[in-house]
Amino acid sequence: MNNHSLSPSGLYQAFPLGTLLCLSAVILFTGLGLREPWPADEPRFALIARDMVETGQWFFPMRGGEIYPDKPPVFMWLIALFYVMTGSLKVAFLLPSALAGMVTVGLVYDLGRRLWSVNTGFIAGLLLLFTVQFTLQAKTAQIDALVCVFITLGCYGLLRFLLIDGLWRWYFLAWFAMGLGIITKGVGFLPALMLLPYLAYRLRTRHDEFALPYQPSVWKWWLGPVVMLLAISLWFVPMYYLVSASDNPALHAYRDNILFKQTVTRYADSWHHIKPFWYYLTSVIPVFWLPMSLALPWLIPAWWRAIKQLDARIILPAGWIVLLVIFFSMSPGKRGVYILPALPMLALISAPYCAQLLSRRWLNQLIWGLCGLLTLLLFVAGVGALLEASWIQHALDDNSVDVSGFFFAASTIGAISLIVSYRKAKWKSWVILMSGLWLIYSTWGYVLMGPMRTPIPVFNEMEKILPTNSAIALVAFSEQFILFSPYPVTHFGYHTPTDIQLQAANQWLEGQGTRYLLLAEPQLQASCFNPDLAEYVGFAHRRDWYVVNAQAKTTHCTLPAQPVQEYSR
């Protein structure tokens, strides 16, 4: 099997990058505008972006009138910008991640082309595009795809400088990208870790024929962090000035939270997502890095041989991937998406060995067998949905939508992938299966899952019951209830204890106008309302929801001991 057997021959040979980007666009952009933001993070970022446009307050992110202190505003800025450009929040909220995914694929292609060959670059881009975690994040409105492209750009600049042409502009571009990554999600400095394996490489090859052909001035190296600080200052300086010039304690809390709690404290003393040190090795990489994780038993010996031969093209990215995984493993708080930025470099150093590895019978059998297992699971899910099995209804968080047809269609795609690739090139089963799954998930799946992943059905039911001039209050809420509400919304602080929120809501109900409180069943049962006077408005997000007004209050209702801040939208 030769390298070109892994790629389409006609268009690929004439327009390799164009072919790769067109394929990426089909997978990443299909479904744009077909779905609403889904929990957990998407409604929050979409709500903040919409409020930026509607209120004109762009610099400090606001969540339903309350400052959102957990992230810098860069990602929300992009959603808001695309909202202004398109006029559609359903389109705008997914565009930053999709575009970031496209750029990341292009950067990996260009590195592979320059370090090895055009075909290697093309394969590297395909590997990245068909890796589960990368495409999933590129089709999700979370910050991780955006910070991934900045980190990849940082790695790109360093590798261009260190291994390809030695031009300082690439070195400074790398540090500028790190600065942008930091003001996007804190960890944008990670490409700098690549200088550690580079230092080890230079020390080893100092008197060797493999040494790089230039001796850069020492002082220029220190300009890199200065460039990074300049990029950070684009956001930090005006933010710090505005906070310092204000006597608003909420702004001061925002500054302190962003600079300390969400960076150093979140890493060293995380308060949630606590996982063991080996979490990424056992729970993330084997599943979410498919299909590349299947090839690791063959790739690791190949990389080790290249490292012993002092091939810097492998040493630098591979060393960086190891350092990145160790870095995140050392923090007690872990999420699978944290190690997403390692995937572009993993695809880059896997691509040169792809043709050789895919000629191996056992790896082909593994890929084909995996596709067979996924096909079987999809078929079983279809049967479970058809029979209304409790386990499938619980997994989908809904029992009102018939999804059996979707699962049967997905399993049919799997069967086709197995049949087409059975006799030879069994690895193609993964490409066919994942392409089909992403396309039907992004169309049919989006339409089916909409009622399950949003509170829109609850608000539709409320509109049948509540007068048109009603206002509502929320307690212990999620951002989607503000984003989708057709009514004016009041809440009492996202981090305010629930019992204090309930007390403040009791007081709020006595105000002027037609007022209702939207409650989940646990809050209804634990509060001072008479459940018999509550109106049931539907099921969403694993809970039953009710509305009550002041008439449902009992004599046990207590008022807050001190005033509680109200936030309105």
Side-chain angles (χ1 to χ4, degrees), residues 1-12 19-20 22-31 101 105 122-139 286-296 298 343 347 350-351 354-386 392 403-446 448-449:
M1 178 183 294
N2 56 49
N3 275 357
H4 291 283
S5 66
L6 299 179
S7 316
S9 56
L11 281 176
Y12 154 71
T19 303
L20 181 61
C22 285
L23 180 59
S24 301
V26 169
I27 291 178
L28 300 183
F29 284 86
T30 295
V105 169
F122 187 84
I123 295 170
L126 284 181
L127 281 174
L128 183 61
L129 181 63
F130 284 97
T131 300
V132 172
Q133 188 180 52
F134 175 80
T135 305
L136 180 63
Q137 288 305 127
K139 296 179 72 66
V287 177
F288 291 97
W289 285 15
L290 287 169
M292 286 190 286
S293 56
L294 280 182
L296 287 177
W298 292 274
L343 283 178
S350 300
C354 197
Q356 177 186 356
L357 292 183
L358 291 180
S359 65
R360 295 178 179 270
R361 177 171 173 267
W362 279 107
L363 182 56
N364 272 273
Q365 295 284 7
L366 273 176
I367 295 173
W368 196 84
L370 174 62
C371 292
L373 176 61
L374 291 175
T375 300
L376 178 61
L377 292 176
L378 290 167
F379 181 78
V380 171
V383 173
L386 187 65
I392 191 69
V403 295
S404 58
F406 174 83
F407 283 116
F408 285 138
S411 63
T412 300
I413 293 172
I416 292 171
S417 74
L418 297 173
I419 293 170
V420 169
S421 62
Y422 176 72
R423 291 195 174 275
K424 58 180 180 179
K426 287 183 168 59
W427 58 267
K428 291 182 179 178
S429 59
W430 182 265
V431 176
I432 298 170
L433 174 60
M434 294 310 297
S435 297
L437 289 184
W438 283 124
L439 292 179
I440 68 166
Y441 166 75
S442 304
T443 49
W444 191 0
Y446 282 2
L448 286 174
M449 294 178 67

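Values in this document were obtained by computation on a predicted structure and should not be read as measured data.
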Taking every non-hydrogen atom, the tightest pair across [X] and [Y]:
{"X": "Met292", "Y": "Leu343", "answer": "CE-CD2, 4.0 Å"}
{"X": "Phe406", "Y": "Ile440", "answer": "CE1-O, 3.6 Å"}
{"X": "Trp368", "Y": "Tyr422", "answer": "CZ2-CD1, 3.6 Å"}
{"X": "Leu129", "Y": "Phe134", "answer": "CA-CD2, 4.2 Å"}
{"X": "Ala138", "Y": "Gly101", "answer": "CB-CA, 4.2 Å"}
{"X": "Ser293", "Y": "Pro286", "answer": "OG-O, 3.1 Å"}

Distance (rounded to the nearest 0.5 Å) between [X] [atom1] and [Y] [atom2]:
{"X": "Leu357", "Y": "Ile367", "atom1": "CG", "atom2": "CD1", "answer": "9.5 Å"}
{"X": "Leu373", "Y": "Leu366", "atom1": "CG", "atom2": "CG", "answer": "11.5 Å"}
{"X": "Leu418", "Y": "Ile413", "atom1": "CG", "atom2": "CD1", "answer": "12.0 Å"}
{"X": "Met449", "Y": "Trp444", "atom1": "CE", "atom2": "CH2", "answer": "14.0 Å"}
{"X": "Gln365", "Y": "Leu370", "atom1": "CD", "atom2": "CG", "answer": "13.0 Å"}
{"X": "Cys22", "Y": "Leu20", "atom1": "SG", "atom2": "CG", "answer": "9.5 Å"}

Please examine the side chains of [Y] and [X], heavy atoms only from C-beta on, and report whether any two atoms are closer than 4.5 Å.
{"X": "Thr135", "Y": "Phe130", "answer": "no"}
{"X": "Trp427", "Y": "Leu294", "answer": "no"}
{"X": "Leu437", "Y": "Leu374", "answer": "no"}
{"X": "Thr19", "Y": "Phe122", "answer": "yes"}
{"X": "Val132", "Y": "Val287", "answer": "no"}
{"X": "Phe407", "Y": "Leu386", "answer": "no"}
{"X": "Ser435", "Y": "Val431", "answer": "yes"}
{"X": "Thr443", "Y": "Leu439", "answer": "no"}

Task: Full working for side chain to side chain contact (heavy atoms under 4.5 Å, CB included) between Trp438 and Leu136 - done: CA-CA 9 Å; Trp438 283 124; Leu136 180 63; 3.9 Å; yes
Open item on the list: Take a 6.0 Å sphere around CZ of Phe288 and say whether it holds more than 12 heavy atoms from other residues, nucleotides or ligands.
Closed with: no
Task: OH (Tyr441) with more than 12 external heavy atoms under 6.0 Å - done: yes
Spell out, as yes or no, whether a donor-acceptor pair under 3.5 Å connects the side chain of [X] to the backbone of [Y].
{"X": "Ser350", "Y": "Ala347", "result": "no"}
{"X": "Asn364", "Y": "Leu358", "result": "yes"}
{"X": "Thr30", "Y": "Ile27", "result": "no"}
{"X": "Trp289", "Y": "Gln133", "result": "no"}

Task: Proximity of Phe379 and Phe408 rings by center, below 6.0 Å - done: yes
